[in-house]
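What follows is one structure encoded as structure tokens, with my remarks underneath.
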Amino acid sequence: MGVTKKSKYLYLGLATTVMAGMLSACGGNSNDSSNSGNTNNAAQSNNAGSTQEKVNLRMIESLTSPARTELLKASIKRFEDANPNITVELISPPFDQADNKIRTMLGAGEDLDVLEVRDLTINEDVTNGYVENLEPYASKWADYATVSQAAKTVASIADKPYFIANGMYERQMFYRKDWFDAAGLAAPKTWEDVYNAGKKLTDPSKNHYGFSFRGGPGGNGYVDAIAQSYNGTNLDEADGHFLKDGKTSIYGTPEAKAALELYQKIFKDTAPADSINWGFAEQVQAFTSGVTAMLMQDPDVIGVLNEKMEKGTWASTFLPVGPTGKTFYGIGAAGWGMTSFSKHKDEAWKLIEFLSSPAENTAFCKAFGLLPIHSSASEDPVFQEGPYATLLEMNTKPEDYIPLKPNYSYTEIGDWGDVVMKNTQAWLLGQASLDDTLKILDKYWQDQKAKLAK
Amino acid sequence: MQKKLLVSAKVVYLALHAVVMLFPLYWIIITSLKPQKQIFSSPIHYWPETLTFDNYKKLFEFSNFGVYIFNSLLVSIAAAACVIAISILSGYVLARFKFKGHKHIMFGFFLTQMLPGIGALIVLYKMMSSMHLTNHLASLVLIYTVGSIPFSTIMLRGFFQRIPSSLEAAAMIDGCSRITALFRVIIPVMLPGIAATFIFAFVNNWNELIMAVMFIDSEASKTLPVAMNSFVMKFDIDWGAMSAGTVLSVIPTIIVFAIAQRFIVEGLTQGAEKG
Amino acid sequence: MLVVMGGSAAHHFFNKGGLKFMETNVKAGSTENKAKKSRFSSQLWFIWLCLLPVIVLVLTFTYYPVVRGITLAFQDYNLMHVKNVKFIGFDNFKTIFHDNQFILALKNSLKWVFYSLIAQFILGFILALVLNKPFKGRGIYQGLVFYSWALSGFLIGLIFKWLYNSQIGVINDLLLRAGIIKTRIGFLSDPHWAMFSVISANVWYGIAFFAIMLLAALQSIPGELFEAADIDGAGWLRKLFNVIIPYIMPTIITTTLLRVIWIFSDPTLIYSMTNGGPAGLTNIVSSFMLSKVFGNGEYGLGSAVGIVMMIMLMLYTIFYLFATKSEKAGDF
């Protein structure tokens, strides 16, 4: 029996050594990386200390791109130089995963002071009480006066601002000027023009097509756009998926049918068949690589076009209008908000205020290709010419180019994109009729309206 | 005659396989050497008109690409080593002994491969956050280790089973303890299986994205997949940087593969001696 | 490395004990019963000490979060109202089984798993057999062709999406230049091609896994087995079926079993290549789940899909292990 006892010790000893080996193997690594983890400790000691001490702000961005992160870092550096008692730790998760990470961090109450809120996430963040109402701070901010109304509306729920936009997104039409000139075509003004010009420029043997169609993820923006412009003046600008009567959805009208019939023709006659499944990357790549002649996109694509295309081959114009000569456009935005559980709210606001100042914001927008939030900025020469000029000019004609007011009352419309994608794809492939498709889209919004009434 | 046919069939198969496998790599390599404007040029160029290393330069100027590679290597190798260390014991025990709970444990391992992870990630994040384990490479080592344990144990158990227990019985008669027999006699024969399992765990860690995004905040602790993923932006995929990054990220794995391959061959010869 | 050292150090320290213990065992003879009992308890010690780290780690970091997370499936958990979550019983399950897209995704998943697995396994096995005997440059060849396994599914999806693109993709361009096709093929948009295209990318990705695992198994086949077969004058086909396959059967069963589970549950390739399109024709259950969770923040529904997936996989595993009579092979 003594023997067995000994062998027990053997195994015990062995297991201990193995465990120790493992722990030291793993622990060694953690030592190696301790310099990267020390920010955590710094944050903790700050929390414990008085306000006299250095404050460390944790900030996270959502629409990450390496170039944009560089710009942000430069801004933060200037902020830190101006505020030596504050340091900022910027977290830059990849774009595709960023919102997911942000909501996980918010849900866990992880240390976070400043975050990028988007038009797509504001509803969720406010409903869950993650973000702070910025009104008390903004009301004391001198530069808030020059922030455009559009920038204020898009960042507000029930008239309370929850973020200060860092730039505005607004679509316009980009087109191949060289192709249009060679074919003797003028820049497209209406959706009919888009179709006609597109058809003329389409030549599959040369791999040339008219329109950079987007049938995959994000395609709902285009279906909405053409349906809205065909519904024309009947449309409720404050509730972009419904008419002014407050009952009829934009997909429940004969105009919508006409719009989608044209949309189908645009797909069949002016776009590659492949585009039924295209997302943002293919849509933009097709334009930059000389496959398609027209691209409807936000201004942050300008940088990509400048980088990948020869100067003079492309130009920009207004969005296409519907039969009544009117069209609608949504204004998108992302910006800086503050967590409701931040322990350094005053410092966080200082940072937001700094990043949103006319000088910082204008520089940021210029460099990255966004519309600045301060009305004063449009006087900057950069915004007076080229692709920005057409965008700003379009904004000066609100009787024909009508901005839609963001509507945050529908809370569960996150799957709208998915619904549009699957159903319009089935219809464009001939698996479903247009009438049935319109019925599904109409029903979706009627259901949302009904939920609202509850 | 039949043998010759077999050899030439082998050669043809290997060549075809290589073409299919290597073409995407070739495409990524030449893309990484093209200037931005030529990447999506039409007609398509199968050889760059002008060769440039700008994409690589950009990687190191714009980001800490060297740091990311280092972090990824560190985490992947450390976690794979921990996994092998732990799973050798569990795999061995599960292969050699029948005991009460044996079935349950095996079932528990298989089950981990099917568990729904959607809600679990939120819980795991809260756990790690409350233990102050976030933003630390060690947290990735821990998670990756746990993640690969079930698979590695199952795999290694399979390899242990194939080795006749007479091998260690003989060694034990010669005066070795079971543990010595395991490490002196069995493990050398097992090297191919261990190497294959190591490769597998390493590669899993090397590519892991979601956990790395979730648990790491700071630039200094970022890993490769996270850095590569940030070339996918709102309106564009920066294929110049992406392809250069892919090339750089493939090189270390090919080296690790090559080293592990040597073990597979060594294991073979040792196994032959012992057998 | 540390562990190996730790192991041998422990051995030197306790060598005597181990030696005696073995002697007792071997010399037990008539007193077998008594010896068996003592061996049993010491074995138990050994067994559970070896298993302890594994069990503790897996329970803490895998099972605990999963069990906690599973409750979501029975709640109307939506990110839009995290603070106001209700238990709704099996409503989420009813919802998904009434969703045509889910039924379509189920059918697609079967195709996706079946063809991906068959092609990966056969091609991987052939490759392993061809690489089994050493030849000049074998190491380099392996290093080169196995790299696909070292890329992430997400990245492979992006690369193949580009290669398959009908307008700017290389595959169409090459086929056109070679005169094999006259008009461009919409590999990812044509309903006849879309599933083939995503599966082919998945096969490309997974061949290396089988090749590596099966090669490792082949390498451990003792030479005598072959010699015996050679003496019998068996042809290579008979050698394959009578010697090789039976010997590596445990590996075949385990790898195919695990691979089916992974192929079934991994949405990344589909997510980055087609997002389930066109019209849901390439949507599989796991990508369906992803779109529910990322699209609308419906974690409750997503978790319910996750549970359905788990049950399907459990049934499959039990059936598979039963059908392969793996009592001796991958048994548990």
Side-chain angles (χ1 to χ4, degrees), chain B residues 10 13-14 17-18 21-22 24-25 27 40 44 85-86 89-90 93 97 99 103 106-107 110 112-116 118-120 123-124 146 149-151 153-154 158 161-162 172-173 175 177 179-180 183 192-193 196 199 203 206-207 209 225 246 250 253-254 257-258 261 264 268 271-272 275, chain C residues 3-4 7-8 10-11 15 18-19 22 26 43 47 50-51 53-54 57-58 61-62 65-66 68-70 72 127 130 139 142-150 152 154-155 159 163 168 170 173 212-213 216 219-220 222-223 250-251 254 258 261 293 299 302-303 306-307 310 313-314 317 332:
Chain B
K10 270 186 186 178
Y13 185 83
L14 286 174
H17 185 79
M21 293 313 287
L22 292 180
L25 183 63
W27 185 246
F40 282 104
I44 294 169
I86 300 174
L89 296 175
S90 52
V93 165
F97 301 104
F99 53 93
K103 277 189 179 179
M106 281 309 286
F107 182 73
F110 267 105
T112 57
Q113 307 297 299
M114 316 166 195
L115 294 174
I118 285 294
V123 181
L124 185 64
V146 178
I149 281 177
F151 165 82
T153 302
I154 293 169
Q161 277 178 327
R162 231 178 300 103
M172 281 156 87
I173 290 166
S177 71
I179 281 301
T180 325
F183 285 98
I199 288 184
V203 162
W206 185 255
N207 286 328
L209 173 70
T246 306
V250 162
T253 58
I254 291 184
F257 276 25
Q261 291 300 328
I264 292 186
L268 167 75
Chain C
V3 176
V4 178
S8 43
H11 154 66
N15 193 18
L19 186 71
M22 280 313 303
V26 174
Q43 266 182 5
I47 288 165
C50 285
L51 289 174
V54 183
L57 286 172
V58 172
F61 293 99
T62 306
V66 166
R68 283 277 309 271
I70 264 176
L72 298 189
L127 188 65
V130 172
Q142 285 178 2
L144 282 177
V145 300
F146 287 166
Y147 82 96
S148 69
W149 184 247
S152 70
F154 183 78
L155 186 59
I159 294 173
L163 294 178
I168 52 176
V170 176
D173 191 64
I212 294 170
M213 288 300 169
Q219 299 275 295
S220 61
T251 311
T254 327
L258 285 171
I261 296 170
V293 171
Y299 274 74
S303 297
I307 290 182
M310 178 179 71
L313 287 172
M314 280 166 71
T317 305
F332 54 85

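Residue with the most contacts toward chain C among B:Trp206, B:Phe151, B:Phe40, B:Tyr13: B:Tyr13 (heavy-atom pairs, distance under 4.5 Å). No other option in B:Ile254, B:Thr253, B:Ile44, B:Leu22 has as many heavy-atom pairs under 4.5 Å with chain C as B:Ile44. Taking C:Ile70, C:Leu155, C:Ile307, C:Thr62 one by one and counting their heavy-atom pairs under 4.5 Å with chain B, the maximum is reached by C:Leu155. Contact tally against chain B (heavy-atom pairs below 4.5 Å) for C:Leu163, C:Leu127, C:Val293: the top residue is C:Leu127.
Contact between B:Gly119 and C:Ser303 at its shortest, heavy atoms only, is N-OG, 4.2 Å. When all heavy atoms are compared, the tightest approach of B:Val123 to C:Gly69 is CG2-N, 4.0 Å. Among all heavy-atom pairs drawn from C:Tyr147 and B:Met21, the shortest one is OH-O, 2.7 Å. Across B:Pro116 and C:Met310, no two heavy atoms sit closer than the pair CD-SD, 3.8 Å. Summarising the geometry of C:Phe146 relative to B:Phe257, their closest heavy-atom pair is O-CE2, 3.2 Å, with the distance given to 0.1 Å. Contact between C:Ile159 and B:Pro24 at its shortest, heavy atoms only, is CG2-CB, 4.5 Å.
Contact of B:Pro225 with chain C is not made at all, since no heavy-atom distance falls under 4.5 Å. Looking at C:Leu72, only its side chain comes within 4.5 Å of chain B, counting heavy atoms on both sides. With a 4.5 Å cut-off on non-hydrogen atoms, C:Leu258 touches chain B through its side chain but not through its backbone. If you measure heavy-atom distances from C:Ile261 to chain B, the contacts under 4.5 Å come from the side chain alone.
Taking the side chain as every heavy atom from C-beta outward, C:Val130 and B:His17 never approach each other to under 4.5 Å. Within the 4.5 Å cutoff, the side chain of B:Ile86 has heavy atoms near those of the C:Leu57 side chain.
Exactly one residue among B:Ile149, B:Val93, B:Leu89 makes a side chain to side chain contact (heavy atoms under 4.5 Å, CB included) with C:Val54. That residue is B:Ile149.
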Test side chain to side chain contact (heavy atoms under 4.5 Å, CB included) on B:Gln113 and C:Thr317 and set out the steps.
CA-CA 11 Å; B:Gln113 307 297 299; C:Thr317 305; over 6 Å; no

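Note that CG of B:Leu124 and CZ of C:Arg68 are 11.5 Å apart. Values are rounded to the nearest 0.5 Å. B:Asn207 CG to C:Trp149 CH2: the interatomic distance, rounded to the nearest 0.5 Å, is 9.0 Å. If you take CZ on B:Phe99 and CG on C:Leu51, they are separated by 5.0 Å, rounding to the nearest 0.5 Å.
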